[in-house]
Amino acid sequence: MIDYAALAARAFDVPLDADEREALRVWGDLLQGADDARGTLIALEHAILEQPARTHELRQAMRDHLFVHGGALIGQVGPLLQVPRGLALDWRAGQLYSAELDTRNATLLTELSSVELVRVLLDAPMTATARRLHIRVRTERQVAPVVNAIGRYRGPLAIEQLIVAVGVREQVIVRSDDPLPEQPLWLYARGGSIAALATTPVHATDDPETLAGRVRIGRALVHPDHRAGALARIANLGPRAFAFADTLAMLLAPRIVTEQSSVVEALVALGTHARRFAGQLATITGRPTLYDVDTRRAAGIALAKLG
């Protein structure tokens, strides 16, 4: 017998193989037969994998499905799904992995403040499984109230990556304080800064399939003193380290860190999961004023490997 709940949880940590994906499709069919909204989400997830050229269309189909049939998952989030560029959701095995909420349009169209919008999202049943939360606000003064609202939230949360951004480019800085001590964050970006939270060097036994392993590897990845070891560990793990793909891409913004050629090499080690960053890699190859020759060469080699 297959433990489908364990299989769904595993989909957050590692790429599922062909047999596991087929088992998940069987589970999705059973959920559809029981009128469970997650069944259609699983079917659409598989369609995106099989037809990547239709990703935008299929993600819109997910939003439409949730708006009509996903009440048990989305709670009061429904209106946000109708706001242009308001809420982007990343589903894995019918569970929410990541939510990106842009409050700038949503505050105008829903008449809710940025803090109220965040609370609506946190209260949604689906958000209890989310590991990544990205909130964009209009002004710097809105950042602290949003962070405080998340820190005071007393519902079940599994957030490991928190980004509260305004319209500025991120910069990596060292910050020794953990802003949300009750939350085991490994990525924390506030306003225009990515905080390098307190960490220790990465060990060869650190496993990204465990929370402790992700926290150690992720914090070391952002911290300038320990980044080299984290990049080597990620490159060694290959596709198993795909939880760090978005952070690697963030560190490839112009002049963010000095080890960008190593960041590219770690990203390409993720294999097929790095293909969605091909556009960013192509941009790097053609920007000699922003990237050194080693980084541009690494990006070109990466594009050739990714096909």
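Along the sequence shown, the residues carry numbers beginning at 1.
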One thing to verify: whether [Y] and [X] come together as a salt bridge, which I'm taking to mean a side-chain N less than 4.0 angstrom from a carboxylate O.
{"X": "Asp246", "Y": "Arg276", "result": "yes"}
{"X": "Arg240", "Y": "Asp207", "result": "yes"}
{"X": "Glu209", "Y": "Arg214", "result": "no"}
{"X": "Glu50", "Y": "Arg25", "result": "yes"}
{"X": "Glu20", "Y": "Arg10", "result": "yes"}
{"X": "Arg227", "Y": "Asp225", "result": "no"}
{"X": "Glu100", "Y": "Arg136", "result": "no"}
{"X": "Asp206", "Y": "Arg216", "result": "yes"}
{"X": "Arg119", "Y": "Glu116", "result": "no"}

- Task: With rounding to the nearest 0.5 Å, note down the distance linking CZ in Arg219 to NE2 in His223.
- Result: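 Taking CZ in Arg219 and NE2 in His223, the distance rounds to 10.0 Å.
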
- Query: Say you draw a straight line from CD of Gln183 to CG of Leu133; how long is it, rounded to the nearest 0.5 Å?
  - Reply: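 So the CD of Gln183 and the CG of Leu133 are separated by 9.5 Å.
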
Would a distance-only check, ignoring hydrogens and angles, find a side-chain to backbone donor-acceptor pair under 3.5 Å from [X] to [Y]?
{"X": "Thr127", "Y": "Asp123", "value": "no"}
{"X": "Asn148", "Y": "Ala144", "value": "yes"}
{"X": "His203", "Y": "Thr205", "value": "no"}
{"X": "Arg275", "Y": "Leu306", "value": "yes"}
{"X": "Gln142", "Y": "Arg138", "value": "yes"}
{"X": "Thr129", "Y": "Gln95", "value": "no"}
{"X": "Arg233", "Y": "Ala204", "value": "yes"}
{"X": "Thr295", "Y": "Tyr291", "value": "no"}

- Message: side-chain contact (heavy atoms from CB on, under 4.5 Å) for Ile234 and Phe242? Distances and angles first, verdict last.
- Response: CA-CA 9 Å; Ile234 289 171; Phe242 81 143; over 6 Å; no

- Item | Greater than 12 external heavy atoms within 6.0 Å of Gln76's CD |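 It does not: Gln76 CD has 12 such atoms or fewer within range.
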
- Query: Does the pair Leu185 and Gln161 meet the rule for a side-chain contact (heavy atoms from CB on, under 4.5 Å), with working shown?
  - Reply: CA-CA 6 Å; Leu185 297 175; Gln161 306 173 63; over 6 Å; no

- Quick one: do Trp186 and Thr247 satisfy side-chain contact (heavy atoms from CB on, under 4.5 Å)? Show the steps, please. CA-CA 10 Å; Trp186 56 260; Thr247 305; 3.3 Å; yes

- Evaluate side-chain contact (heavy atoms from CB on, under 4.5 Å) for Leu66 paired with Arg63, printing each intermediate quantity in order. CA-CA 5 Å; Leu66 285 166; Arg63 287 191 290 273; 5.7 Å; no

